[in-house]
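Here the structure comes first, spelled out in structure tokens, and everything after it is commentary.
Within every chain, numbering begins at 1; the chains are lettered A, B, ... in the order of the sequence lines, protein sequences first and strands thereafter. Bear in mind the structure is a predicted one, so any value in this text is a computation, not a measurement. Keep in mind that the numbers below use all heavy atoms, side chains included, and drop hydrogens, waters and symmetry copies.
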Amino acid sequence: NAGVTQTPKFQVLKTGQSMTLQCAQDMNHEYMSWYRQDPGMGLRLIHYSVGAGITDQGEVPNGYNVSRSTTEDFPLRLLSAAPSQTSVYFCASSYTSARGRVGYEQYFGPGTRLTVT
Amino acid sequence: AQKVTQAQTEISVVEKEDVTLDCVYETRDTTYYLFWYKQPPSGELVFLIRRNSFDEQNEISGRYSWNFQKSTSSFNFTITASQVVDSAVYFCALGRNMLTFGGGTRLMVKP
């Protein structure tokens with residue numbers, strides 16, 4: 001299993017540009033989430049999905065869109081990049097229970113470091 | 001709303017010292033889970049432990065131990081005989097599938 005994969009690893013955008021951060025998981029997890037990490041603030045939830053076709057907002061959703069057409073993929077779209085979106089972005093997946101084992105912990109991808117100038 | 005507070009932003013110790021990282025949380029849920037993650041300098045997030053709100057037994061895994069006290073809403077993490085490889089940022093988190101994270105504690109272990 002590759003686990004959770006994210007592309008790209010690094011990205012530099014100019015203010016106003018748009019882009020999509022890709023995230024995929026091959027563990028058949030029902031839950032997927034996007035977090036951003038800023039210095040001193042830990043990780044904050046942007047958007048999450050509880051299954052294909054179902055998404056919802058987290059703590060800091062403004063400026064981001066998501067969709068989940070398959071169980072495996074959960075892309076994050078920046079509509080019009082702003083310097084305040086300079087951050088490290090982590091995608092994660094999780095499950096509630098499987099084969100008698102309780103889950104809930106997040107399986108994280110390696111992260112995407114985004115700089116907006 | 002849920003909240004996780006890690007009051008110690010940075011801790012510096014000398015190798016072989018014991019160190020405790022504090023975590024205090026707030027939630028109105030009766031069933032919840034608490035987590036610790038490690039983020040080494042390479043940047044990935046490594047899962048360390050999950051604890052549910054009904055299980056207040058302390059847990060030990062090698063040099064790591066966790067003390068969960070529901071009465072004080074705390075879930076503290078102790079590293080015994082710290083090593084340089086323990087240098088990292090440690091995050092405490094709360095929730096189920098979608099987590100609320102504390103701000104993290106940067107631990108520096110000097111040789």
Side-chain angles (χ1 to χ4, degrees), chain A residues 2-6 9-10 23 25 27 29-51 54-61 66 68 74 87-98 101-114, chain B residues 1-11 21-27 29 31-55 59 61 66 68 75 77 88-107:
Chain A
V4 180
T5 57
Q6 291 183 238
K9 284 192 166 64
F10 301 94
C23 174
Q25 55 99 1
M27 297 172 284
H29 287 173
E30 65 262 42
Y31 293 87
M32 295 188 76
S33 308
W34 277 101
Y35 295 85
R36 59 178 287 175
Q37 181 179 13
D38 302 296
M41 302 188 74
L43 283 79
R44 292 181 293 167
L45 184 65
I46 305 171
H47 284 285
Y48 64 94
S49 168
V50 302
I54 306 170
T55 64
D56 206 345
Q57 296 180 352
E59 181 186 353
V60 289
V66 291
R68 188 144 177 229
F74 191 43
S87 188
V88 180
Y89 291 84
F90 287 97
C91 179
S93 71
S94 63
Y95 66 96
T96 301
S97 66
R101 183 182 177 278
V102 172
Y104 296 121
E105 69 267 24
Q106 306 282 284
Y107 290 69
F108 284 97
T112 295
R113 184 173 295 274
L114 175 69
Chain B
Q2 299 184 325
K3 186 177 179 182
V4 177
T5 302
Q6 296 179 253
Q8 306 149 308
T9 53
E10 279 195 14
I11 301 175
L21 310 182
D22 297 332
C23 173
V24 174
Y25 63 93
E26 297 174 27
T27 181
D29 292 343
T31 302
Y32 52 88
Y33 287 78
L34 293 158
F35 305 83
W36 276 94
Y37 284 85
K38 175 181 179 180
Q39 187 175 44
S42 51
E44 73 271 22
L45 287 153
V46 179
F47 166 71
L48 295 178
I49 189 171
R50 174 192 61 242
R51 172 65 76 211
N52 78 52
S53 52
F54 295 107
D55 183 1
E59 178 147 348
S61 176
W66 291 269
F68 174 35
F75 187 43
F77 174 30
V89 180
Y90 291 86
F91 292 102
C92 181
L94 164 70
R96 291 193 290 181
N97 289 307
M98 287 75 69
L99 303 186
T100 299
F101 283 80
T105 298
R106 180 177 301 277
L107 174 64

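- For the set Ala92(A), Gly42(A), Gly109(A), Ser33(A), the entry with the most heavy-atom pairs within less than 4.5 Å of chain B is Gly42(A).
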Exercise. Start with the C-alpha distance between Phe108(A) and Gln39(B), add both sets of side-chain angles, then the distance that settles side-chain contact (heavy atoms from CB on, under 4.5 Å), and finish with yes or no.
Key: CA-CA 11 Å; Phe108(A) 284 97; Gln39(B) 187 175 44; over 6 Å; no
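- In the displayed structure, Arg44(A) atom CZ is contacted under 6.0 Å by more than 12 heavy atoms of other residues, nucleotides or ligands.
- Using a 4.5 Å cut-off between heavy atoms, Gln6(B) does not touch chain A at all.
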Practice problem: Could you walk me through whether Tyr37(B) and Gln106(A) pass side-chain contact (heavy atoms from CB on, under 4.5 Å), step by step? | Solution: CA-CA 10 Å; Tyr37(B) 284 85; Gln106(A) 306 282 284; 3.4 Å; yes
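- In this structure, the portion of Leu45(A) lying under 4.5 Å from any heavy atom of chain B is its side chain and not its backbone.
- In this structure, Arg113(A) places its CZ atom where only 12 or fewer heavy-atom neighbours from other residues, nucleotides or ligands lie under 6.0 Å away.
- Taking every heavy atom of both residues into account, Glu105(A) and Phe35(B) meet most closely at CA-CE2, 3.4 Å.
- When the options Leu45(B), Thr100(B), Leu99(B) are evaluated for a side chain to side chain contact (heavy atoms under 4.5 Å, CB included) with Leu43(A), the one that passes is Leu45(B).
- Of all non-hydrogen atoms in Tyr31(A) and Met98(B), the two that sit nearest each other are CD2-SD, 3.8 Å.
- Put simply, of His29(A), Glu30(A), Met32(A), Gln37(A), the one with the most heavy-atom pairs under 4.5 Å next to chain B is Gln37(A).
- Proximity to chain B is absent for every atom of Glu59(A), based on heavy atoms less than 4.5 angstrom apart.
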